[in-house]
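Take this structure first; my questions come after.
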Amino acid sequence: MLDTPHPTPAAPTLDQGALATALSGRHFIGGRYVPARSGKSFAVVNPATGIEVARAAEGDAADVDAAVADAARAQKEWARVPARKRGALVHQCAALLKEHQEELARLIALETGKALRTESRVEAGVVADVLEFFGGLGSELKGESVPFAPNVLSVTLREPLGVVGAIIPWNVPMLLMALKIAPALVAGNTVVVKSAEEAPLAVLRICELMNRVLPPGCFNMLSGFGPECGAPLVAHPLVRKVTFTGSVETGKIVAKAAAEKLVPVTLELGGKSPMIVFADCDFAKTVSGALTSMRFTRQGQSCTAASRIYVERPIFDAFVAEMEKAVNAMVMGDPLDEATDIGTIISEGQFEKVQGFIEEGKRTPGAVAHECSAMPTDPALKKGLFLRPVIFTGLDGSSRLVREEIFGPVTVIQPFDDAEAVLAEANDSEYGLAASLWTNNLKVGLDLAHRLEAGLVQINQNLVVQANLSYGGVKSSGLGKEASLEAMLEHFTHKKTIMVNMG
Ligand code: ADP
């Protein structure tokens with residue numbers, strides 16, 4: 001049943017097709033590739049061509065049991081490794097991933113349809129950065145001495161929680177996984193990751209690479225469907241912490257299951273992030289910032305996408321026109337082509353969902369759909385899930401396109417006249433993940449930044465999640481923080497108090 005030696009190449013490879021085949025049909029448990037106990041697998045499809053590029057092992061409760069048992073065994077030893085040494089090993093993993101950056105970039109482009117130059121290569125680089133950051137934090141796992149009484153030594157320690165179950169989505173799977181596994185491992189936990197159905201390959205390769213450095217069983221990877229593989233992982237009695245990124249709906253199911261056994265959860269869920277543009281902004285920088293904010297190069301498949309943009313009326317028309325021009329200039333095409341800015345939607349289901357929103361927008365009286373960029377003409381891509389980005393005007397806050405997360409290349413631009421009114425509109429949302437403000441009046445900007453209901457507010461920029469800065473939403477956007485020292489200490493350790501009565 002065990003594959004020894006590994007079927008995957010030891011050295012970095014740029015043949016993403018062959019690597020995908022080699023990764024086919026396997027979980028990674030206890031330091032080895034293993035097939036699903038049921039023998040079942042499912043297709044991994046390149047969304048740019050519609051062609052199956054690999055099979056993924058279809059995990060179920062039996063695979064979960066095996067992975068969690070190995071992780072639990074390994075955790076006892078791993079927790080005894082000094083914290084700085086654990087950090088140093090995670091740091092070493094970062095170096096290895098850097099050597100494999102181009103390989104990982106090509107693999108993630110193949111399975112997700114995200115353009116190599118604008119997205120996939122960037123994600124593969126940031127993964128190593130996140131590991132480096134957390135790798136340096138081992139010495140921060142320290143406690144306090146508490147002045148309880150002169151004859152009592154009272155101290156606190158940071159202890160790991162045990163086995164962490166991590167469930168990740170498909171949009172930025174390598175980065176979102178790194179935000180979970182790196183702090184969990186440095187803190188002395190072991191992890192079992194359940195990858196997303198649509199993107200199981202690059203994260204599996206990362207798991208194998210990191211297992212060259214980490215002791216076996218510390219980092220395990222399962223692929224499979226949510227209810228059959230994710231749910232038993234969350235429910236497993238030996239899983240003592242659950243960390244999840246995905247939809248609000250599934251996040252609630254996960255939180256309920258974790259509550260049944262009273263284990264802590266971190267949830268990074270959806271968003272409907274407002275971008276507020278004042279007339280005194282740096283116009284050119286803000287138009288280009290809107291393209292970045294909307295994550296058009298990721299086909300808008302981002303929880304922090306600026307999918308509702310509010311522009312102060314005096315510059316509204318000019319802003320829409322310039323933005324349309326700028327998106328038109330973006331090249332949609334083969335994700336692996338260096339010339340491509342915009343790749344594909346991840347799956348047919350997601351494609352239909354986004355198209356449903358676009359159709360609904362177009363049917364709304366008064367709405368104008370500005371469809372941008374051009375469809376690729378290469379016949380090899382005729383089955384690709386390419387979708388032209390759409391900028392809507394003429395919709396208001398009652399539209400589902402303004403209220404719901406679309407997770408596609410669709411944004412709605414509305415004019416505003418008054419800072420208080422736009423603040424109220426921005427806050428009138430079930431979500432509270434991120435927001436951005438664009439103005440040269442920092443007095444106004446900071447005032448609104450304080451009053452916006454969001455976990456991350458940026459003025460005159462809209463970067464994606466960054467190592468060292470706490471990231472996480474309020475309201476339905478989630479619970480807890482990621483990416484920072486706080487994330488490691490608060491979410492992957494518990495504080496034990498020890499008291500010694502010295503008589
Ligand atoms: P999306 O619709 O964007 O794929 P989901 O929240 O459904 O978002 O999926 C995010 C992750 O959660 C995926 O890895 C998926 O397999 C997993 N998942 C889905 N349903 C469940 C569930 N009931 N329990 C645990 N994990 C689940």
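Just follow the structure's listing: the first ligand is 1, and inside any ligand the first atom is 1. Remember, it's a predicted structure, so these values are computed and weren't measured experimentally.
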Within 45 degrees of the axis of the six-membered ring of Tyr471 and under 6.0 Å from its centre: does Lys481 put its NZ or CZ there?
->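 No, Lys481 does not sit over the ring of Tyr471.
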If you take all heavy atoms of Leu204 and His27, which pair is closest and at what distance?
->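 Looking at all heavy atoms of both residues, the closest pair is CD1-C, 4.2 Å.
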Can you tell me which residue and heavy atom of the protein come closest to atom 13 (C) of ligand 1, and the distance to 0.1 Å?
->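 Protein heavy atom with the smallest distance to atom 13 (C) of ligand 1: Ile168 O, 3.5 Å.
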Passing option when Asp341 is tested against Arg117, Arg295, Arg298, Lys114 for salt bridge (Lys or Arg N to Asp or Glu O under 4.0 Å) |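 The salt bridge (Lys or Arg N to Asp or Glu O under 4.0 Å) with Asp341 is passed solely by Arg117 among Arg117, Arg295, Arg298, Lys114.
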If you measure every N/O of Pro169 against every N/O of ligand 1, is any gap under 3.5 Å?
-> no
Ser484-Ser470 side chain donor-acceptor pair, cut-off 3.5 Å = yes
Ligand-side contact atoms (ligand 1) for residue partner Lys194, heavy atom cut-off under 4.0 Å |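 Result: 13 (C), 14 (O), 15 (C), 16 (O).
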Is the Phe225 ring parallel, tilted or perpendicular to the Phe42 ring (thresholds 30°, 60°)?
-> tilted
Distance filter under 4.0 Å to Glu197 heavy atoms, resulting ligand 1 atoms =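 Ligand 1 atoms under the 4.0 Å threshold to Glu197: 13 (C), 14 (O), 15 (C), 16 (O).
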Tell me, please: is Phe407 in heavy-atom contact with ligand 1, that is, under 4.0 Å?
->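 The answer is no, since Phe407 has no heavy atom less than 4.0 Å from ligand 1.
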Pair Lys180-Thr245, side-chain donor/acceptor within less than 3.5 Å |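 Looking only at side-chain atoms, Thr245 and Lys180 do form a donor-acceptor pair, the distance falling under 3.5 Å.
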If we only count N/O pairs under 3.5 Å, is Thr250 in contact with ligand 1?
-> yes
Would you say Ser195 contacts ligand 1, with heavy atoms under 4.0 Å as the rule?
-> yes
Purely on distance, is any nitrogen or oxygen of Ser247 under 3.5 Å from one on ligand 1?
-> yes
